[in-house]
Amino acid sequence: MDLILSHKRAMKLAELVGLSLANQTTFATAVSEVARYALEQGTNPTLTLCLNKSRNSQSLVAIIEDKNLPVANPLHQGLLYAQRLVEKMEITNLEAGNKLTLYYSLPTNRKISAEHVANWRSQFDANQPLSAYDEIKRKNDQLQELAERLQTSEEHYKRVTNSLPLMIFTANQAGQLLYANSWITEFTGYSVQALNQTKWAQSIHPDDYNAFWALWTKQAAEGLPFHYECQLKEGASQSYVWHLFSAQPIKSELGKLAAWTGFAVNIHAQKLVEKALRENEELIQAKTNLEKAQQSLESTVSELNRSNTELSQFAYIASHDLQEPLRKIQQFGDLLRTRNSTDLSTESLTYLERMQSAANRMSWLIKDLLAYSRLSTRRETTISSPLASVINRSLENLSLTIEETNAQIQIDTLPIIEGEASQLDQLFQNLLSNALKFRRNGIIPHIRISSQEIPATDLPALLKPARSAAAYHKIDVTDNGIGFDEKYLDRIFQVFQRLHPKNEFAGTGVGLAICQKVAANHGGAITASSQPGHGATFSVYFPV
């Protein structure tokens with residue numbers, strides 16, 4: 001009866017100061033353990049229940065005294081268990097025996113006055129102890145009622161959380177789910193146990209996973225709220241949907257972090273709107289940049305048209321005004337040489353021949369420049385042009401040179417391309433003329449014109465055609481002439497660039513520049529490969 005009474009009075013006092021049922025039970029159990037020890041080992045123990053208050057703390061205190069109460073070292077198991085249940089246990093040796101004091105901390109926000117204590121003492125005096133059976137029965141009834149109320153509360157909480165259109169959860173500090181409503185398992189397709197085992201690895205997007213848990217660990221360690229936006233995979237569709245996770249720390253009555261409660265809400269539509277607004281801003285900026293570029297382009301086109309007009313004027317001057325003085329120089333030189341050849345000295349005839357040679361070179365240079373400029377300023381109608389016909393016309397124009405050199409020409413099957421016939425004639429006549437001109441002494445020229453269709457992926461790495469296409473016609477003009485060093489590859493296609501002196505090979509250095517211009521005008525490009533003394537191959541690419 002004394003043991004039951006000590007437990008009852010300890011429970012009652014803990015209830016009066018406002019502790020939860022769990023904390024009431026903890027304090028009363030500690031008191032009961034010490035009381036049991038005192039009843040078994042002492043002769044006439046007494047129990048005093050009181051409150052201890054200071055500026056920074058307040059505690060429930062239980063004091064058990066007995067003049068014949070021994071306390072051995074090490075402590076009895078019951079005393080050790082009681083010691084673990086309270087904040088502090090003091091053992092005091094007195095002349096009249098030993099005293100055991102238990103301290104159980106109370107929240108500092110509970111204000112307890114002297115009136116409270118007087119009221120509680122009067123309740124203790126008024127409530128006489130029941131029999132052991134009645135006391136146990138009453139406690140069992142209370143526990144049963146509390147269990148039913150708790151179950152009802154939990155069921156109500158589950159119904160409420162399952163009815164809300166968001167994921168609700170409770171987690172411990174490590175992020176392990178203690179509770180999750182049905183929305184979490186239905187959306188992810190995983191049970192709470194599976195989510196805890198994998199730490200959501202199959203549900204959180206890989207791009208967000210590490211950052212999510214890094215922030216959770218940091219916030220949990222500091223007891224701060226957690227907020228994070230991430231993508232969660234929907235189990236049914238296997239598509240990722242943006243969610244906002246938000247969790248708040250929950251503290252116990254003693255101020256310790258007990259758990260985290262929070263929710264995850266679908267913000268996918270909001271993210272799409274944000275993305276649309278951001279893209280719209282980018283579109284507006286792009287439109288502004290496009291308008292500026294358009295203005296710049298119009299200015300450039302205007303400048304280009306002006307330049308083309310000036311170039312056309314230059315072409316006219318080159319074809320008429322510059323050619324006319326040269327023709328007079330050539331005519332008067334011929335007259336001087338035919339009429340006065342006997343009167344002129346050998347030195348004078350040499351000067352006259354050099355003057356006429358320079359005039360002839362100047363005339364050819366003007367003609368080549370005129371041909372080059374017309375590639376940009378004059379455009380003819382684009383037609384289907386069989387390259388075999390283009391090659392035959394070029395060979396007819398070069399027939400005299402071919403006969404003089406006994407050149408052998410091999411022509412494979414060639415495609416039909418869309419282009420300007422006159423420009424294509426210029427392109428291949430220049431390539432064939434070069435193949436005949438740069439021949440090796442004593443070697444009969446052998447020229448082969450071949451064709452193949454290649455995908456764009458097989459183009460030479462540094463070659464950039466003027467127009468993109470899936471495939472290209474590759475036309476190779478291969479000779480067995482003197483060749484050239486490929487370190488001069490970029491140079492040979494520039495205007496006025498020559499690799500040989502004028503006294504070795506005639507020419508103005510414009511022919512290959514014309515070839516490159518014609519290839520670009522037809523959306524293609526031209527390049528070459530060669531080794532000195534082993535001939536050269538010029539490859540022209542036309543988009544299919």
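Predicted model, so just to flag it, every value in this text is computed and none were measured.
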Ring centre gap for [X] and [Y] strictly below 6.0 Å:
X: His268; Y: Tyr240; value: no
X: Trp213; Y: Trp200; value: no
X: Phe212; Y: Phe226; value: yes
X: Trp183; Y: Phe169; value: no

Side chain of [X], backbone of [Y]: donor and acceptor closer than 3.5 Å?
X: Ser530; Y: Phe484; value: yes
X: His116; Y: Ser113; value: yes
X: Ser57; Y: Ser54; value: no

Is there side-chain contact between [X] and [Y], with at least one heavy-atom pair below 4.5 Å?
X: Leu19; Y: Glu15; result: no
X: Phe245; Y: His227; result: no
X: Ile64; Y: Lys99; result: no
X: Glu281; Y: Gln285; result: no
X: Leu232; Y: Val241; result: no
X: Ile514; Y: Leu427; result: no
X: Trp260; Y: Gln248; result: no
X: Leu463; Y: Ile526; result: no

Within the 3.5 Å criterion, strictly below it, is a donor on [X] or [Y] matched to an acceptor on the partner's side chain?
X: Asp476; Y: Ser539; answer: yes
X: Asn119; Y: Glu115; answer: no
X: Asn52; Y: Gln58; answer: no
X: Glu234; Y: Ser237; answer: yes

Nearest heavy-atom neighbours spanning [X] and [Y]:
X: Ser32; Y: His7; answer: OG-CD2, 3.0 Å
X: Val34; Y: Ala82; answer: CG2-CB, 3.7 Å
X: Ile184; Y: Ile168; answer: CD1-O, 3.7 Å
X: Ala456; Y: Tyr472; answer: CB-CE1, 3.9 Å
X: Met11; Y: Ala28; answer: CG-CB, 3.3 Å
X: Ala180; Y: Val192; answer: CB-CG2, 3.7 Å

task = Go through Lys271 and Glu229 one step at a time and tell me if the salt bridge (charged side-chain N to carboxylate O under 4.0 Å, His left out) criterion holds.
result = CA-CA 10 Å; Lys271 280 291 186 179; Glu229 295 179 358; 2.8 Å; yes
ask   = Restricting to pairs with a member in residues 24-33, which pass salt bridge (Lys or Arg N to Asp or Glu O under 4.0 Å), not counting sequence neighbours?
value =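 Salt bridge (Lys or Arg N to Asp or Glu O under 4.0 Å) check on residues 24-33 returns Glu33-Arg36.
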Just wondering, are more than 12 heavy atoms of other shown residues or ligands nearer than 6.0 Å to [atom1] in [X]?
X: Gln77; atom1: CD; value: no
X: Gln193; atom1: CD; value: no
X: Leu462; atom1: CG; value: no

message = Walk me through whether Ser299 and Ser296 qualify under side chain to side chain donor-acceptor pair (under 3.5 Å).
response = CA-CA 5 Å; Ser299 175; Ser296 176; over 6 Å; no
Interatomic spacing from [atom1] in [X] to [atom2] in [Y] - rounded to 0.5 Å:
X: Glu279; Y: Ile284; atom1: CD; atom2: CD1; answer: 12.5 Å
X: Gln83; Y: Leu100; atom1: CD; atom2: CG; answer: 10.5 Å
X: Leu51; Y: Ile112; atom1: CG; atom2: CD1; answer: 5.0 Å
X: Asn181; Y: Thr170; atom1: CG; atom2: OG1; answer: 9.5 Å
X: Thr413; Y: Ile449; atom1: OG1; atom2: CD1; answer: 12.5 Å
X: Leu69; Y: Leu39; atom1: CG; atom2: CG; answer: 10.0 Å

key: Derivation of the side chain to side chain contact (heavy atoms under 4.5 Å, CB included) call for Tyr228 and Asp208   = CA-CA 9 Å; Tyr228 192 79; Asp208 304 323; 4.2 Å; yes
request  = May I have the step-by-step check of side chain to side chain contact (heavy atoms under 4.5 Å, CB included) for Asp66 and Thr46, ending in yes or no?
outcome  = CA-CA 7 Å; Asp66 191 334; Thr46 61; over 6 Å; no
query = Has Lys88 got its NZ or CZ under 6.0 Å from the middle of the six-membered ring of Tyr103, at an angle within 45 degrees of the ring axis?
reply =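 Checked: cation-pi criterion met.
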note = With Leu414 as partner, the option from Ser450, Ser451, Pro386 fulfilling side-chain contact (heavy atoms from CB on, under 4.5 Å) is Ser451
inquiry  = Just to verify, what does Thr48 make a side-chain hydrogen bond (donor to acceptor under 3.5 Å, both in side chains) with, not counting sequence neighbours?
reply    = none
Evaluation steps, side chain to side chain donor-acceptor pair (under 3.5 Å), between Asn23 and Ser20 = CA-CA 5 Å; Asn23 290 330; Ser20 66; 3.3 Å; yes
query = Stepwise, does the side chain to side chain contact (heavy atoms under 4.5 Å, CB included) test hold for Tyr190 with Gln202?
reply = CA-CA 9 Å; Tyr190 294 102; Gln202 305 303 321; 3.4 Å; yes
query = Which residues pass the side chain to side chain contact (heavy atoms under 4.5 Å, CB included) test with Asp207, sequence neighbours left out?
reply =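 Asp207 satisfies side chain to side chain contact (heavy atoms under 4.5 Å, CB included) with His205 once adjacent residues are dropped.
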ask   = Can Ser385 and Glu418 be said to form a side chain to side chain donor-acceptor pair (under 3.5 Å), step by step?
value = CA-CA 6 Å; Ser385 301; Glu418 295 293 323; over 6 Å; no
inquiry  = Parallel, tilted or perpendicular, judged at 30° and 60°: which one describes the rings of His522 and Phe542?
reply    =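 Ring orientation, 0 to 90° scale: perpendicular.
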message = As a quick check of understanding, evaluate side chain to side chain contact (heavy atoms under 4.5 Å, CB included) for Leu47 and Leu5, giving each step before the final call.
response = CA-CA 10 Å; Leu47 168 64; Leu5 180 60; over 6 Å; no
